[in-house]
Amino acid sequence: NEECILQNQNVRVEIDAQGNLGHIINLKKSLAVEFHNQGFYWYQSFPGNNSRSEFQASGAYIFRPVSADPQPVSTTRTITCIKAENVQSARIVFNDWASQEIILYDEAEYAEVEWTVGPIPVNDNIGKEIILRYDTDVNSGNKFYTDANGREVLERTRDYRPTWNYTVVETVAGNYYPVNSRIWIKDQDKQFTILTDRSEGGSSIHNGSVELMLHRRMLYDDALGVGEALNEAAFGQGLVVRGRHVLFLESPAASAAYHRIGAQRMYMHPVATYALIPQSYPSYS
Amino acid sequence: NSIFYLSEAMGVAQHHDAVSGTEKQEVAFDYAQRLSQGLSSGNLVINQAYSRLLPKAGQPPPSVPQLLCHLTNISECLTVQDQTRFTVTLWNPTIQPVLHHFRVPVTRAYTVRDPTGQPILSELIPVSDQTKKIPGRTSTANNDLVFRASLPALGFNTYYFEAKTEEEPAKAQVKITH
């Protein structure tokens, strides 16, 4: 029942014996962020009736959850803690179709979360939209920040639009924004930034919370032109997807220097090629 | 013009929001096929470039092709996973030198040499059960060999892998708890 503590020269990640992410600590800056209930949740897709907007189904174009409260994908989880010199990691399995690996490489200034989701079960005839949520003690209020196709990062305010009087109808979907490369929340002392390895949808539905939409599987078309449900059942069981989040904890003033360099490392990562070599090393060299 | 196939496939995919699911499944398959063909064509360009960059001065270009592995995210690279010897060449497209931890899925233990010929720290990290049961994964690799690569700005380094022939005492300790 020991904790799984991942620590290098710059970052400490604390995960308890039940597989709950507890803290990420920036050791050089003495900054800490506390997490509550970090993990996978799912929204139930609105089935709709394929006709008018007020009855519109959640589908490829439309995110329309039935409830504003996503459900955890499991109540228990298993954790495997791996420690080596180059890398330390915690593999946390939530259920048969959702798991994450929290990874800390030697000398890295960030933690990675490699998530794996799918095939999403729909044999209960309920469409599901899977998020990974980070609930933190960052006092971010109703503001969060998302990029716009890798260009200007814009401040988003929950339940608000800067250029018109906004009436809240969709409490979750109405606050979702594209996250092409990064999303962050911050308070006076610290900024929690997540880099994504692909375009995702994301939001901050509560103070201190960040969630990102990872995978969706639905049984109804949203009647906006595709004519097929976003089901991806061509191979009989739906798709498995795997991706990465890179987590930075820094002061607000220093964060840009870290997430910009981190983003370049991520999006312009080295290209690996492999070659079969017939010679032994002395001959090859 | 060999990279045109990939740039066109990327252009089509981006223009049509191909990652969003707003296309019929048959169309998604078509996008995937176009990207796959583009990547294959791009691999020819990589080989043409390395045939100029890799030979030592005064020597003929190596005839060994450079291959891509598209499934290393699920710890699968069938080309090298159980070979006696192979190289991994890492190209850094940024204008800064980078340190990058790299994973190679393998079925056995290897000695990894850096470009100067020095053996470097490499560790076998077990592939997770979740990865092993991903539908479509055919690899028998049980481990990822993790090592740290040091790459020059806008340049490359080649790392040489040689299978260990006998039980060598493990220098690195990997501790696993459940």
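These numbers come from a predicted model, not from an experiment. Here is how names work: the chains are called A, B, and so on, in the same order as the sequence lines, proteins then strands, and each is numbered from 1.
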Under a 4.5 Å heavy-atom cutoff, which of [options] has the most pairs with chain B?
options                      : result
A:Thr78, A:Thr116, A:Val93   : A:Val93
A:Val226, A:Asp96, A:Val240  : A:Val226
A:Gln237, A:Gln279, A:Gln264 : A:Gln279
A:Ala233, A:Ala84, A:Gly227  : A:Ala84
A:Asp106, A:Thr273, A:Ile82  : A:Thr273
A:Ala90, A:Cys81, A:Ala60    : A:Cys81

Can you check whether B:Phe102 and B:Tyr159 have ring centres sitting under 6.0 Å from each other?
->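 Ring centres of B:Tyr159 and B:Phe102 not closer than 6.0 Å.
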Heavy atoms of other groups near B:His15 NE2, more than 12 under 6.0 Å |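 Result for NE2/B:His15: open.
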Might you confirm whether atom CZ of A:Arg198 has over 12 heavy atoms from other residues, nucleotides or ligands at distances under 6.0 Å?
->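 Correct, the count exceeds 12.
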Which atoms of [X] come close to chain A, meaning under 4.5 Å heavy atom to heavy atom: side chain ones, backbone ones, both, or neither?
X        : answer
B:Phe161 : neither
B:Ile134 : side chain
B:Ile176 : both
B:Gln66  : both

Atom CE of A:Met218 and atom CD1 of A:Ile120: how far apart are they, to the nearest 0.5 Å?
->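 A:Met218 atom CE to A:Ile120 atom CD1 measures 8.0 Å (nearest 0.5 Å).
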Within 45° cone and under 6.0 Å: B:Arg113 NZ/CZ vs B:Tyr160 ring =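 The answer is no, since B:Arg113 fails at least one limit relative to B:Tyr160.
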Tell me, do A:Leu132 and A:Gln38 make a side-chain contact under 4.5 Å, heavy atoms counted?
->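 Side chain of A:Leu132 against side chain of A:Gln38, heavy atoms only: contact under 4.5 Å found.
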Looking at A:Glu200, A:Glu129, A:Glu232, which one forms a salt bridge (charged side-chain N to carboxylate O under 4.0 Å, His left out) with A:Arg216?
->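 So the option named by the test is A:Glu129.
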Chain B heavy atoms under 4.5 Å from A:Ser285: which part of the residue, side chain, backbone, both or neither?
->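 The answer is the backbone of A:Ser285.
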